[in-house]
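Below is one structure, written out as structure tokens; comments come after it.
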Amino acid sequence: MDKPLSLANHFLIAMPGMADEFFSHSVILVCRHDSEGAMGVMINRPTNLSVSDILEQMKTEPFPDALRRQPVFSGGPVHTERGLVLHEGVGDWEYTLPVSRHLGLTTSQDILQAMAERSGPDKTLVALGYASWGEGQLEEEILRNSWLHLPADHDLMFHTPMHKRWKEAGGRIGVDLDRLLGDIGHA
């Protein structure tokens with residue numbers, strides 16, 4: 001029997017007619033996808049917090065001024081109190097899920113401490129919460145045309161302005177999301 005296709009290290013792009021307002025116009029990096037379900041982090045929904053706000057709560061000072069400008073993202077509706085750091089390079093952190101050979105998702109505070117000390121990864125995206133799907137749920141949503149998907153692109157995740165990521169992600173697979181109808185179905 002063929003091994004099911006894993007969408008780990010892929011982006012999910014919400015279709016224009018996404019019924020769930022929370023995920024409307026979202027781009028999600030799928031970090032884990034296996035027979036038990038999937039888990040991912042939204043990369044285009046900033047909160048009103050900055051990374052320095054989190055470091056101040058941890059009583060970690062001093063820290064680079066750049067962290068005052070780096071937004072914290074809403075990663076999804078599950079465990080919104082839990083901080084996650086997507087970063088280039090898997091590294092040697094206490095709790096890291098390798099997303100690919102060059103990308104990790106760390107949930108331990110040691111990476112935030114390293115960022116404050118300027119010894120952390122160069123490219124990071126900090127989020128609170130994550131998105132999660134049960135067994136077969138993501139596949140069903142894709143079949144219902146809720147999501148498009150494409151291989152993850154670090155440039156889009158770390159360099160494209162956050163407000164342009166949804167349209168840019170669609171453009172990378174040749175889709176102008178503004179021209180799609182919200183109620184596309186199967187013939």
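Scope of the values below: all heavy atoms of this structure, side chains included, with no hydrogens, waters or symmetry mates.
- In this structure, Cys31 and Leu86 approach most closely via the heavy-atom pair SG-CD2, 4.0 Å.
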- Query: So His149 and Phe11, side chain to side chain contact (heavy atoms under 4.5 Å, CB included) or not? Walk me through it.
  - Reply: CA-CA 5 Å; His149 56 87; Phe11 290 138; over 6 Å; no
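- At least one side-chain heavy atom of Leu12 sits under 4.5 Å from a side-chain heavy atom of Trp133.
- Transitive grouping of hydrophobic side chains (ILVMFWY, heavy atoms separated by less than 4.5 Å) keeps Leu105 and Val90 in distinct clusters.
- A pairwise comparison of heavy atoms in Pro71 and Val51 identifies O-CG2, 4.1 Å as the closest pair.
- Of all non-hydrogen atoms in Ser100 and Asn9, the two that sit nearest each other are CB-ND2, 3.4 Å.
- Within the 4.5 Å cutoff, side-chain heavy atoms of Ser74 are placed close to those of Phe22.
- Listed by first and then second residue, the side chain to side chain donor-acceptor pair (under 3.5 Å) pairs involving residues 150-162 are Glu88-His154, Lys123-His159, Asp153-Arg172 (not counting sequence neighbours).
- No side-chain heavy atom of Phe73 sits under 4.5 Å from any side-chain heavy atom of Val41.
- A side-chain N or O of Ser50 and one of Ser52 form a donor-acceptor pair less than 3.5 Å apart.
- Counting heavy-atom neighbours within 6.0 Å of Asp122 CG, excluding the residue itself, gives a total of 12 or less.
- Residues Tyr95 and Met58 do not share a hydrophobic cluster, clusters being chains of Ile/Leu/Val/Met/Phe/Trp/Tyr side chains in contact below 4.5 Å.
- Side chains of Gln113 and Gln109: no donor on one and acceptor on the other come within 3.5 Å.
- Trp93 and Gly120 get closest at one heavy-atom pair: CH2-CA, 4.3 Å.
- In this structure, Ile13 CD1 and Ile173 CD1 are separated by 4.0 Å, a value rounded to the nearest 0.5 Å.
- With hydrogens and angles disregarded, a donor-acceptor distance shorter than 3.5 Å links the side chain of Asn44 to the backbone of Val27.
- Distance check, rounded to the nearest 0.5 Å: NE2 of His87 to OG1 of Thr124 gives 9.0 Å.
- When side chains are defined from C-beta on, Val85 does not count as touching Leu125, because their heavy atoms never get closer than 4.5 Å.
- Between atom NE2 of residue His79 and atom CG of residue Leu84 there is a gap of 10.5 Å, rounded to the nearest 0.5 Å.
- Taken to the nearest 0.5 Å, the CG atom of Leu29 stands 6.0 Å off from the CG atom of Leu103.
- Note that CE of Met39 is 7.5 Å distant from CZ of Arg32, once rounded to the nearest 0.5 Å.
- Salt bridge absent: Arg144 and Glu139 never bring a charged side-chain N and a carboxylate O closer than 4.0 Å.
- Partners of His25 by ring-ring contact (aromatic ring centres under 6.0 Å, His included), not counting sequence neighbours, listed by chain and number: Trp166.
- Between Leu49 and Val126 the shortest side-chain heavy-atom distance does not fall below 4.5 Å.
- The two residues His33 and Ser6 have their closest heavy-atom pair at O-OG, 3.1 Å.
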- Task: Carefully, step by step, assess Glu140 and Ser146 under the rule side chain to side chain donor-acceptor pair (under 3.5 Å).
- Result: CA-CA 9 Å; Glu140 180 61 33; Ser146 296; over 6 Å; no
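- The salt bridge (charged side-chain N to carboxylate O under 4.0 Å, His left out) search around Asp178 returns Lys167, not counting sequence neighbours.
- Environment of CD in Glu56: crowded, with over 12 heavy atoms of neighbouring residues, nucleotides or ligands closer than 6.0 Å.
- One N or O on the side chain of Arg165 and one on the backbone of Met157 form a donor-acceptor pair closer than 3.5 Å.
- Rounded to the nearest 0.5 Å, atoms CD (Gln70) and CD1 (Ile54) are 9.5 Å apart.
- The closest donor-acceptor contact from the side chain of Thr106 to the backbone of Ile111 lies at 3.5 Å or more, if one exists at all.
- In terms of modelled atom types and a separation under 3.5 Å, the side chain of Ser26 and the main chain of Phe23 share a donor-acceptor contact.
- Taking both residues in full, the closest heavy atoms of Ile28 and Ala131 are given as CD1-CB, 4.3 Å, listed atom of the first, atom of the second, then distance.
- Side-chain contact between Met15 and Trp147 is absent, with no heavy-atom pair separated by less than 4.5 Å.
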